[in-house]
Undergrad: 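Please find one structure pasted underneath; my questions will follow.
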Amino acid sequence: MTNETKIYIKGQRRYWRLLIGGLVCAFIFFLMSLCLGNYHTTPADVLYALTHPESDPQTYTIITLSRLPRLLAAVFVGAALSVAGLTYQ
């Protein structure tokens, strides 16, 4: 194996580590932003409310009608801004 191949493989490993780490961080921030607000919830409450909406209708309503649309809008606006910046370059 040549030195160039070793450098390439090392770069590929670094790329995948950074990609997976970034996705994990994005998921954690996504989940935490669903928990923050005037009505405090834990991540377990959020996941349980999304999977069992009839168990706690108040938490389900707050998450699905207030926090989740706001968060999805922020994600889509961020994606649109990144595409706009890419095309502008």
Side-chain angles (χ1 to χ4, degrees):
M1 193 179 310
T2 65
N3 193 24
E4 291 175 358
T5 307
K6 290 179 184 178
I7 292 172
Y8 176 76
I9 291 173
K10 186 177 179 181
Q12 287 288 39
R13 287 183 188 151
R14 182 173 183 239
Y15 168 78
W16 284 107
R17 277 191 231 129
L18 287 173
L19 180 67
I20 291 172
L23 290 174
V24 167
C25 287
F27 177 75
I28 289 171
F29 287 133
F30 188 86
L31 187 61
M32 291 308 294
S33 66
L34 286 175
C35 298
L36 299 176
N38 288 335
Y39 183 75
H40 297 288
T41 57
T42 64
D45 291 339
V46 170
L47 292 176
Y48 192 74
L50 290 175
T51 56
H52 302 91
E54 67 280 344
S55 65
D56 190 3
Q58 181 180 8
T59 304
Y60 178 76
T61 303
I62 289 171
I63 291 170
T64 57
L65 295 181
S66 177
R67 294 181 185 175
L68 192 59
R70 179 189 64 207
L71 184 60
L72 291 176
V75 168
F76 288 132
V77 167
L81 286 172
S82 68
V83 170
L86 179 68
T87 58
Y88 187 67
Q89 282 184 343

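Computed from a prediction, not measured in an experiment: that's the story for all the values here.
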Undergrad: Got a sec, which residues hit side chain to side chain contact (heavy atoms under 4.5 Å, CB included) with R17, two or more places apart in sequence or on another chain?
TA: R13

Undergrad: Measure across Y60 and A49 and return the closest heavy-atom pair with its distance rounded to 0.1 Å.
TA: CD1-O, 3.2 Å

Undergrad: Say whether Y8 and E4, considering side chains only, have a donor N or O and an acceptor N or O under 3.5 Å apart.
TA: no

Undergrad: Distance from L86 atom CG to L81 atom CG, nearest 0.5 Å?
TA: 12.5 Å

Undergrad: Name the atoms and distances for all side-chain donor-acceptor pairs under 3.5 Å in residues 22-36, with sequence neighbours left out.
TA:
from: S33; atom 1: OG; to: F29; atom 2: O; distance (Å): 3.3
from: S33; atom 1: OG; to: F30; atom 2: O; distance (Å): 2.8

Undergrad: Working to the nearest 0.5 angstrom, can you tell me the gap between K10 NZ and T5 OG1?
TA: 14.5 Å

Undergrad: Measuring from D45:CG to T59:OG1, what's the distance to the nearest 0.5 Å?
TA: 6.0 Å

Undergrad: Of all the heavy-atom pairs spanning R67 and H40, show the shortest one and how long it is.
TA: NH2-N, 4.5 Å

Undergrad: Heavy-atom distance under 4.5 Å between the side chains of I62 and T41, does that happen here?
TA: no

Undergrad: Are T42 and V46 side-chain neighbours, meaning at least one heavy-atom pair lies under 4.5 Å?
TA: no

Undergrad: Rounded to the nearest 0.5 Å, how far apart are CG of L47 and CD1 of I63?
TA: 8.5 Å

Undergrad: Output all residues satisfying ring-ring contact (aromatic ring centres under 6.0 Å, His included) with H52, sequence neighbours left out; order by chain, then residue number.
TA: Y48

